[in-house]
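Following: one structure in structure tokens, then a few remarks.
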Amino acid sequence: MTFKELNLREEILSAIGELGFEFPMPVQEKVIPFMLEQNTDLVALAQTGTGKTAAFGLPILNMIDAGRKQVQALVLAPTRELCIQISNDLKNFSKYLHTRVVPVYGGEDIRIQLKQLDQTPQIIVATPGRLIDLIERGKIKLENINYLVLDEADEMLNMGFKDDIETILKETPETRRTTLFSATMPAEIARIAKKYMKDHEEITVGSKNSGSDNVSHIYYVSQAKQRYLVLKRIVDLNPDIYGIVFCRTRQETKEVAEHLMKDGYNADALHGDLSQAQRDTVMQKFRIRNIQLLVATDVAARGLDVSDLTHVINYNLPDDVEVYTHRSGRTGRANKKGVSVSIIHSKEKFKIKDIERMLKKKFEQQLIPNGLEVCKKQLFHMIDKMQHVEVNEEQISPYMDQIMKQLEYLDKSELLKRFVSLEFNRFLDYYKDSEDLNYHEREKGSDRGERGERNEKRGRRGEKMRLKMNIGSRDGINPSRLLGIINDIVGDKTISVGDIEVTNKFTFFDVFVDQVDKIVNAFAEQKDIELAIARESKGFSESTGKRKTENGKRRTDRPYSNDGGYKRKYSGDDRKSGGNRKSDSSSDRRSDSRRKSAVDNNKPWRNKR
Ligand code: AMP
């Protein structure tokens, strides 16, 4: 189908032709003929970004009498940004018509809008609060409107505009034709439709409540405390990401954005503590892709309309399925593919099931990529960029002879290795010792602190044996330092360490039976530290004969994983300095400082896009 077949006026066809609209989008194919040919009201279930502004805008412009100086159409929208955007779209569509469109919204000096209203427009695009203000001042009269559009009606209700909408509806004539657009169909919308709309038709684009089919939904399961590291992995795995990271609170939004910026990403925050001018600036920077990642709260992101996001990241899952629908509906627009990613912890799997049920969509659990996978992805992204880079012959050629001469002794593969290393060593370094961020079932006990369950899980992996080391707290040992020592001495990170007890002179800890030989043999070569199998029955301490948790001795129930992150802490002069290991990965933190210094050195860790 073409726009011409939809019987739109030539002036409109010319204008949208100039905008590059060749074929109507699905919502336009359904709504335009309906509005032009039928005389009833309409409820259209469609996501933002599906082309709905043209779907209602083109038929309304087609039908308006530009010679009549009366407000004939009113479009209500939830936010000032959407209001401005709709108004601009309508102005563009009506470039060759003589129809006047005026937006009225809160947050702008009312005098400017009063002036624009002096010359009565045929179409008003408004946010509810400001519109009521102007009606009360007698500046806007809705008694002659033929067309009323409620855009993003569910958002307007979410934002508490229910009473305002009803007040406005009462100001309009019963003869008006009403078109309501909503991404979801909560009961309140159905009630409004029933009360204020006549024999309305319902059109659904895509399945009800389900976002676009272009969006795939994936989730990663990790421990809650590792959320930020997971976010970084996701971003690093997708070098061309252009997306919104949704957080629950302003505070979290600020923190995540600050961390990302500090770590060298093109990110910024959008939240309610910013002034309108600051918000406009951030949104504009994001629109023109100066910012690659926007960290935002749901409320602050409402006004933002960007069609080509590659990803939406749910840093936290929202409580409400409708909020999830709105978030994920921000990607996969205008026929492009998009991904909605959620970072969850294991107890939230039921929430994913709920959303799957409501959306009638399958979510895919993916493993959080390890450092190697991320490096591979980044490497080939860089190679790909190198293949497609525009070579500036003119400016490079004067130096070519000298460069060729200088590098004469290197063959092609050696040359490539050096260039790749130059660009890539920092990345490889950063991810070298990165830990596995996936949540594994056996970690359950550590999350819940339930002995029984943890031991049961452990039993499935094999028996543990208690080992004793001849250094203790007086030598500066604590659990994290112990892991550093084991890591250093064994030389890899395969040893899994269980219950740890540190006394003044000794340190006791559990390891799996099948790893005992490996660790004992490695320590046998050490002069200063002795490691032996402890004389101990399960659950009792050699040193006291009492149950370990009862005697107030230092112990931890966390099954520590001995990853490379501890290595540095123990090495060299650092040994006496203590330093408790925090729950996040010190390897990641360590590399953060590297990453930061890379930025500080003005050699950006990642190419700013
Ligand atoms: P909307 O849902 O109205 O915000 O539209 C989403 C995006 O799609 C906007 O950037 C529109 O300019 C664009 N758009 C709308 N209709 C068409 C069409 N038929 N062909 C190409 N682009 C369109």
Side-chain angles (χ1 to χ4, degrees), residues 1-9 12-36 42-62 73 75-95 101 103 123 125 127 147 149-156 179-184 203-206 210-215 242 244 283-284 286-289 301-310 312 325-338:
M1 189 183 270
T2 60
F3 278 108
K4 205 170 171 65
E5 287 170 289
L6 290 173
N7 294 325
L8 292 166
R9 291 156 68 154
I12 295 178
L13 292 176
S14 306
I16 60 175
E18 284 176 22
L19 293 173
F21 292 15
E22 282 181 54
F23 302 101
M25 289 165 85
V27 69
Q28 294 159 0
E29 279 189 3
K30 286 186 176 177
V31 172
I32 295 174
F34 181 92
M35 289 187 72
L36 289 176
L42 176 68
V43 170
L45 290 175
Q47 299 279 324
T48 1
T50 49
K52 58 193 171 61
T53 314
F56 66 76
L58 300 183
I60 287 178
L61 286 169
N62 212 69
V75 181
L76 277 185
T79 62
R80 132 198 169 110
E81 287 81 8
L82 187 59
C83 182
I84 294 170
Q85 172 143 356
I86 294 172
S87 162
N88 287 341
D89 283 353
L90 295 181
K91 284 177 188 168
N92 288 333
F93 302 155
S94 58
K95 182 175 172 190
V101 183
I123 302 178
V125 186
T127 52
Y147 310 103
V149 177
L150 303 173
D151 196 13
E152 300 204 353
D154 49 353
E155 278 291 303
M156 287 200 276
T179 304
L180 181 152
F181 282 88
S182 188
T184 57
I203 290 177
T204 304
V205 184
S210 77
S212 138
D213 280 339
N214 291 331
V215 182
Y242 175 49
I244 303 181
M283 286 199 233
Q284 184 54 13
F286 187 56
R287 275 192 206 102
I288 61 171
R289 291 186 177 235
R302 267 175 189 149
L304 183 71
D305 202 48
V306 179
S307 319
D308 45 2
L309 295 185
T310 60
V312 158
T325 312
H326 273 288
R327 288 181 179 182
S328 60
R330 290 181 161 278
T331 182
R333 290 181 178 183
N335 290 332
K336 294 199 176 108
K337 295 265 175 238

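In this text the structure is predicted, and so the values were computed from the model without any measurement. Heads up: numbering here begins at 1 and tracks the sequence. Ligands are counted one by one from 1 in listed order, and the atoms in each one are counted from 1 as well.
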Quick one: does any side-chain atom of Arg287 pair with a main-chain N or O of Leu304 as donor and acceptor, under 3.5 Å? no
Taking Asn62 for its side chain and Arg9 for its backbone only, find out whether a donor-acceptor pair lies under 3.5 Å. yes
Would you say ligand 1 has an N or O under 3.5 Å from any N or O of [X]?
{"X": "Gly20", "value": "no"}
{"X": "Lys52", "value": "yes"}
{"X": "Phe21", "value": "no"}
{"X": "Gln28", "value": "yes"}
{"X": "Thr53", "value": "yes"}

Have a look at ligand 1 and work out which part of Phe3, if any, has a heavy atom under 4.0 Å from it: side chain, backbone, both or neither. side chain
Option nearest atom 5 (O) of ligand 1 (shortest heavy-atom distance, choices Ala55, Gly51, Gly57): Gly51
Report the relative orientation of the aromatic rings in Tyr242 and Phe286; use parallel for angles under 30°, tilted for 30 to 60°, perpendicular for over 60°. tilted
Contacting atoms of ligand 1, where contact means under 4.0 angstrom from a heavy atom of Phe23: 18 (C), 19 (N), 20 (N)
Here the gap from Glu155 atom CD to Leu82 atom CG, rounded to the nearest 0.5 Å, amounts to 9.5 Å
In Å and rounded to the nearest 0.5 Å, what is the OG to CD1 distance from Ser87 to Ile123? 9.0 Å
Sole candidate of Glu29, Met35, Gln28, Lys30 that passes side-chain contact (heavy atoms from CB on, under 4.5 Å) when paired with Ile32: Gln28
